[in-house]
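Take a look at the structure set out below.
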Protein chains: 2
Amino acid sequence: MIHSKPSKNIQKICNAKGISLTQKRQNIFHILLSSKIPLSAYDLTDVYKNKFETAMPTMSIYRILEFLTASGLVHKLESTNKYIACSHLQCDHEHSNAQFLICNSCSGVEEITLTSELHKQIETGAEQTGFKVESLQFELHGTCKACLNTH
Amino acid sequence: MIHSKPSKNIQKICNAKGISLTQKRQNIFHILLSSKIPLSAYDLTDVYKNKFETAMPTMSIYRILEFLTASGLVHKLESTNKYIACSHLQCDHEHSNAQFLICNSCSGVEEITLTSELHKQIETGAEQTGFKVESLQFELHGTCKACLNTH
DNA sequence: TTAGCAACGATATATCATATCATCTGATGT
DNA sequence: ACATCAGATGATATGATATATCGTTGCTAA
Ligand SMILES: [Zn+2]
Ligand SMILES: [Zn+2]
Ligand SMILES: [Zn+2]
Ligand SMILES: [Zn+2]
């Protein structure tokens, strides 16, 4: 099997978190890290086959995606049903404030962090109705800087 | 064909907006209005059959859902792939700031509106990266007031 | 009346996701 | 080394969500 090269710190991060990053999980993660755009599970099946010259069943891809998202290494975009590597692996911040800026033109995604002030205001607004917020993920659609400049 | 009774103001609203609300569209809309929880297109197919004693092809349901969402009468929840009638049909507010509080326990949804102040702050945050926001829909998951009280 | 258009039906297919049981593989204790 | 066990992966089937395409209906306006 061909091995992907994990980014130098990923394995360290995983060890620290107690995450067991097998070779196949690394391979999937590496594809997502190198992709400019989010990929679906079936996209990953194709890319995997091309890149590693071995087929991985889509079922396994889904399992690995579930593992990687649960570990916080990967995010699922709910508005597009696609997956993307986390942009903030090095920093220790919570992902409760993540926000995704999704370009409708090039499909690129920028992951930014809401100020915790803003995050708190949003939660407070919701909780004024008696609702207890447990999770949220903000996905904004629009046009990215690069695409704006080329028009 | 059995006719649903449209809420008294809906037809008026549609006329004002230039929306042509056919009987079948009214029927679908009416099902969503009466449902306590969001429904999928296939849920709607079943409910439609039971309620109106005629089958409507799921393809038609999808077309009608597209029409209703484009008209702003219905929203699609992206985190659950289900559809819900807009809670703010009477008021003229823009839906650019809609926010959905989705109960993980009873599946109920409350649609609230972000303050325009908060909305602007979020847009500004995104636009500092050069991104031009075109649409956003915030879906918060948690537990609703009623469910919190019964535990 | 008929040409045109929007709505709707019918059928097929694409895309996204889960369920279940079998097999492999590596760690551990003897 | 061997047995044992658990986690990871494979294989197969099926379910759930959504789109593509073409044909038909039914209204309306010239
Ligand atoms: Zn992240
Ligand atoms: Zn772009
Ligand atoms: Zn609404
Ligand atoms: Zn509830």
Side-chain angles (χ1 to χ4, degrees), chain A residues 1-4 6 11 14-15 17-32 37-49 52-71 73-84 107 139, chain B residues 1-4 11 14-15 17-29 31-32 37-49 52-71 73-84 107 139:
Chain A
M1 168 185 290
I2 300 176
H3 289 192
S4 65
Q11 192 71 59
C14 289
N15 291 343
K17 293 186 180 180
I19 294 171
S20 122
L21 198 62
T22 66
Q23 187 57 52
K24 289 175 186 182
R25 287 169 176 170
Q26 278 183 40
N27 290 349
I28 294 295
F29 184 52
H30 191 254
I31 292 173
L32 288 175
I37 59 173
L39 301 175
S40 74
Y42 286 83
D43 292 340
L44 278 163
T45 307
D46 294 340
V47 174
Y48 195 98
K49 189 164 183 180
F52 296 104
E53 292 167 352
T54 318
M56 176 180 291
T58 308
M59 186 64 253
S60 294
I61 307 259
Y62 269 109
R63 265 189 301 236
I64 289 176
L65 285 172
E66 187 186 4
F67 173 88
L68 292 173
T69 52
S71 306
L73 300 178
V74 162
H75 301 296
K76 177 181 182 185
L77 298 178
E78 299 186 323
S79 59
T80 57
N81 300 312
K82 291 187 172 12
Y83 301 82
I84 187 179
S107 301
E139 301 179 18
Chain B
M1 168 187 286
I2 300 177
H3 289 192
S4 66
Q11 193 69 62
C14 289
N15 290 343
K17 292 185 180 179
I19 295 171
S20 121
L21 198 61
T22 66
Q23 187 58 52
K24 290 176 186 178
R25 286 171 177 168
Q26 279 183 37
N27 290 349
I28 295 295
F29 183 52
I31 291 173
L32 288 175
I37 59 173
L39 301 174
S40 74
Y42 287 84
D43 292 340
L44 278 163
T45 307
D46 294 341
V47 174
Y48 194 98
K49 190 165 183 179
F52 296 104
E53 293 168 350
T54 318
M56 177 179 290
T58 308
M59 186 63 254
S60 294
I61 308 259
Y62 270 109
R63 264 189 303 236
I64 289 176
L65 285 171
E66 187 188 3
F67 173 88
L68 293 172
T69 52
S71 307
L73 300 178
V74 163
H75 301 296
K76 177 182 183 184
L77 298 179
E78 299 185 324
S79 60
T80 57
N81 298 313
K82 290 187 172 18
Y83 302 82
I84 187 181
S107 301
E139 300 180 17

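Per chain, numbering begins at 1; letters A, B, ... match sequence-line order.
The interatomic distance linking A/Ile28 (CD1) with D/dA8 (P) rounds to 15 Å, in whole Å. Atom-to-atom, CG of A/Leu44 to P of C/dA17 comes out at 11 Å; the value is rounded to the nearest Å. Rounded to whole Å, the distance from CD1 on A/Ile61 to P on C/dT15 is 16 Å. Rounded to whole Å, the distance from CG on B/Asn27 to P on C/dA7 is 16 Å. Rounded to an integer number of Å, the gap from NZ of A/Lys24 to P of C/dG26 is 10 Å. In this structure, A/Met56 atom CE and D/dT12 atom C1' are separated by 17 Å, rounded to whole Å. Between A/Gln23 atom CD and D/dG10 atom P the separation is 13 Å, expressed in whole Å. When the P atom of D/dA8 is taken as reference, atom CD of A/Gln26 falls 14 Å away, rounded to whole Å.
In this structure, the side chain of B/Asn27 does not engage the main chain of B/Lys24 through any donor-acceptor pair within 3.5 Å. No donor-acceptor pair closer than 3.5 Å links the side chain of A/Thr58 to the backbone N or O of A/Ile61.
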DNA chain D in dot-bracket form (Watson-Crick or G-U pairs under 3.5 Å, [ ] crossing, | inter-strand) is ||||||||||||||||||||||||||||||
Could you write out each protein N or O paired with an N or O of nucleotides 13-23 of chain D at a distance under 3.5 Å?
unit_1: D/dT17; atom_1: OP1; unit_2: B/Lys82; atom_2: NZ; d: 3.4
unit_1: D/dA18; atom_1: OP1; unit_2: B/Lys76; atom_2: NZ; d: 2.6
unit_1: D/dA18; atom_1: OP1; unit_2: B/Asn81; atom_2: OD1; d: 3.4
unit_1: D/dA18; atom_1: OP2; unit_2: B/Tyr62; atom_2: OH; d: 3.2
unit_1: D/dA18; atom_1: OP2; unit_2: B/Tyr83; atom_2: OH; d: 3.4
unit_1: D/dA18; atom_1: N7; unit_2: B/Tyr42; atom_2: OH; d: 3.0
unit_1: D/dA18; atom_1: N6; unit_2: B/Tyr42; atom_2: OH; d: 3.3

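Scanning all heavy atoms of the two residues, the minimum distance from A/Met56 to A/Thr45 falls at O-CG2, 3.6 Å. The two atoms that bring A/Glu78 and B/Ser79 nearest to each other are OE1-CB, 3.1 Å, heavy atoms only. Listed here is the closest heavy atom pair of B/Arg25 and B/Ser20: NH1-O, 2.8 Å. Residue B/Tyr48 comes nearest to B/Thr54 through the heavy atom pair CD2-O, 3.3 Å, listed as atom of the first residue, atom of the second, then distance. The shortest heavy-atom contact between A/Ser107 and A/Pro38 is O-CD, 3.2 Å.
For A/Ser60, no side-chain nitrogen or oxygen approaches OP1 or OP2 of D/dA8 to under 4.0 Å.
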Kindly list each side-chain donor-acceptor pair under 3.5 angstrom involving residues 63-70 of chain B, sequence neighbours excluded, with atom names and distances?
unit_1: B/Thr69; atom_1: OG1; unit_2: B/Leu65; atom_2: O; d: 2.9
unit_1: B/Thr69; atom_1: OG1; unit_2: B/Glu66; atom_2: O; d: 3.0

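B/Leu32 pairs with exactly one of B/Ile84, B/Val47, B/Leu73, B/Leu39 by the side-chain contact (heavy atoms from CB on, under 4.5 Å) rule, that one being B/Leu39.
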